Protein chains: 2
Amino acid sequence: MSPQSTREIEPLITIYSGLSAAEAARLDALVSRRRLDPGAYLLHQHTPARSVFMIQEGMLMLERSSSTGRRQVMAFSHPGNYIGITHRAHYEFTVSALTAAVVQEIPLKPFLTMQDESPRLKENVRSIGGNILAHTLDQVFALGQKKAHERVCFLLRQLSERQAGASARRIELVMTRQDIADYLGLTIETVSRAFGKLKREGIIDIFSAHTVEILNMDTVEELALAD
Amino acid sequence: MSPQSTREIEPLITIYSGLSAAEAARLDALVSRRRLDPGAYLLHQHTPARSVFMIQEGMLMLERSSSTGRRQVMAFSHPGNYIGITHRAHYEFTVSALTAAVVQEIPLKPFLTMQDESPRLKENVRSIGGNILAHTLDQVFALGQKKAHERVCFLLRQLSERQAGASARRIELVMTRQDIADYLGLTIETVSRAFGKLKREGIIDIFSAHTVEILNMDTVEELALAD
DNA sequence: CGCCCTATTGAGACTTGTCAAGTCGGGTGG
DNA sequence: CCACCCGACTTGACAAGTCTCAATAGGGCG
């Protein structure tokens, strides 16, 4: 899939998509809910993967740190996103809550068993895994090919896309500049200057450090997809 | 999983791992072989995904191009690697042969059916998918956090790791400098200078543009993993 | 032997990182 | 209620890294 096509409106596949009422009920029986305070950790890199999670409310952040201390943010996760679906025996990254959040937890073992019995469920999981890989490939493309202000547009576009309906143009930046920098492979100063540049050029407006509005969506798109 | 852990010796999971003789035979019946000349395309981005491939001989390259012409190489694929396993309805990238190659082709539909009936096969596919995601996450980390010469070490380490047993220190660079540059998010000039720097520092030796030897594996490792 | 494609090397421009100073805003304590 | 404080963000000046453009070298093949 090309970087462009992320713009397709994905109807946000869930594991429930197309399941029978009976199957959905069985799945429901597995689910428990967990509430997270801002800053709280959901799980840690290298710990055994025992559950799959779906975000119900709030925003989470997936990150990876090297022994020498630098870190790479792998994703910002929204309601409807899944965590832990494609993993191996151990989690690939650390996950923490950027805001107060509620996640649904599904124990991995019965979830896998149920996949054996429901082709549709298995298919849904496969789709979600594909989406995660596609997202990661987009990120590789962005980090490999784009300049600072283009990477910022890449993020703005991702956030506006997934943000609840109405005013997708006004964006709440829940995360810190450091989080953004670590996501885009930049420094906070460069991120800050990139925002400044976009504002000077009239492409976005910055109300506060954590609220921006996209004035010219086409240009943002164009920069986000620029190679 | 941390960037470090890629160094674990993966016993190269295959879809056959742990299958019964009967299952293996059924799988064999699905497989056909396909020979590729150097430079030939195996499949194209955006075309419907109909098969899964395993490389038997040779080296392939996975790449993605944007409409504006720049491209990102997503991976160099060795014998034993799978292509198309985690995909969606359409292939995510274009795949071509860097050398003469032989691939095994498995039609997707019967392959998925068989997964429904063999939990072990499904588990193998899941593992392989996890490896692919892990590889991609490593790449994100490298592009986001590393300098040019560190990225080159990142590549050298990957190649030495997967290269047939004995002299993993001598590395054949089958691909062009442009391919390397597009994989690492650099220009060919910067790649060339990075090689030069590593050579001047006595970390590698360069016999020809396409043959290098790692003189100090520890340093290469260290640079490859540097954050 | 000569040609062509690829890779290397050099000089200068541009982008990003680093270090340091200054601003903004929310929260606390006087 | 206001002053202060602290963290987060912005801005500036400079250094370092990478890109661009251009010239040169090297290797394979006719």
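Below, each value reflects all heavy atoms present in this structure, side chains not excepted, and no hydrogens, waters or symmetry copies. Just so you know, these numbers come straight off a predicted model, no measurement behind them. Here is how names work: the chains are called A, B, and so on, in the same order as the sequence lines, proteins then strands, and each is numbered from 1.
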Can you give me the N/O atom pairs linking the protein to nucleotides 14-22 of chain D at distances under 3.5 Å, or say none if there are none?
{"unit_1": "D:dT18", "atom_1": "OP1", "unit_2": "B:Ala148", "atom_2": "N", "d": "2.8"}
{"unit_1": "D:dC19", "atom_1": "OP2", "unit_2": "B:Thr187", "atom_2": "N", "d": "3.3"}
{"unit_1": "D:dC19", "atom_1": "OP2", "unit_2": "B:Thr187", "atom_2": "OG1", "d": "3.2"}
{"unit_1": "D:dC19", "atom_1": "OP2", "unit_2": "B:Thr190", "atom_2": "OG1", "d": "2.4"}
{"unit_1": "D:dT20", "atom_1": "O4", "unit_2": "B:Arg193", "atom_2": "NH2", "d": "2.9"}
{"unit_1": "D:dC21", "atom_1": "N4", "unit_2": "B:Glu189", "atom_2": "OE2", "d": "3.0"}

Hey, are A:Ser127 and A:Asn124 close enough side-chain-wise for a donor-acceptor pair under 3.5 Å?
no
Any donor-acceptor N/O pair, A:Gln72 side chain to A:Asp182 backbone, under 3.5 Å:
yes
Kindly check if the number of other-residue, nucleotide or ligand heavy atoms within 6.0 Å of OH (A:Tyr41) is above 12?
no
With A:Arg177 as the cation and A:Phe195 as the aromatic partner, state whether NZ or CZ is under 6.0 Å from the six-membered ring centre and within 45° of the axis.
yes
Would A:Glu213 and A:Arg170 count as a salt bridge (Lys or Arg N to Asp or Glu O under 4.0 Å) if you check the C-alpha gap in whole Å, the side-chain angles of each, and the deciding distance to 0.1 Å?
CA-CA 4 Å; A:Glu213 182 169 332; A:Arg170 165 149 322 190; 2.8 Å; yes
Over how many whole Å does the gap from A:Leu173 atom CG to D:dC9 atom P extend?
10 Å
In terms of heavy-atom contacts, B:Ser77 and B:Ile55 come closest through CB-CD1, 3.2 Å
Should the pair B:Phe53 and B:Tyr91 be assigned to parallel (<30°), tilted (30 to 60°) or perpendicular (>60°) ring geometry?
tilted
For A:Asp182 and D:dA8, give me the distance from atom CG to atom P, rounded to whole Å.
13 Å
Give the residues of residues 204-215 of chain A touching DNA chain C, defined as any heavy atom closer than 4.0 Å, sorted by residue number.
none
Is the shortest side-chain heavy-atom distance between A:Cys153 and A:Lys146 below 4.5 Å?
no
Under the salt bridge (Lys or Arg N to Asp or Glu O under 4.0 Å) rule, what do A:Arg169 and A:Asp205 come out as? Steps first, then yes or no, please.
CA-CA 10 Å; A:Arg169 300 188 124 51; A:Asp205 198 357; over 6 Å; no
Which nucleotide span of DNA chain C, 5' end to 3' end, has atoms closer than 4.0 Å to non-hydrogen atoms of chain A?
C:dT16 to C:dC19
Check the pair A:Met54, A:Ile15 against side chain to side chain contact (heavy atoms under 4.5 Å, CB included), reporting the backbone distance first and the verdict last.
CA-CA 9 Å; A:Met54 193 207 80; A:Ile15 53 175; over 6 Å; no
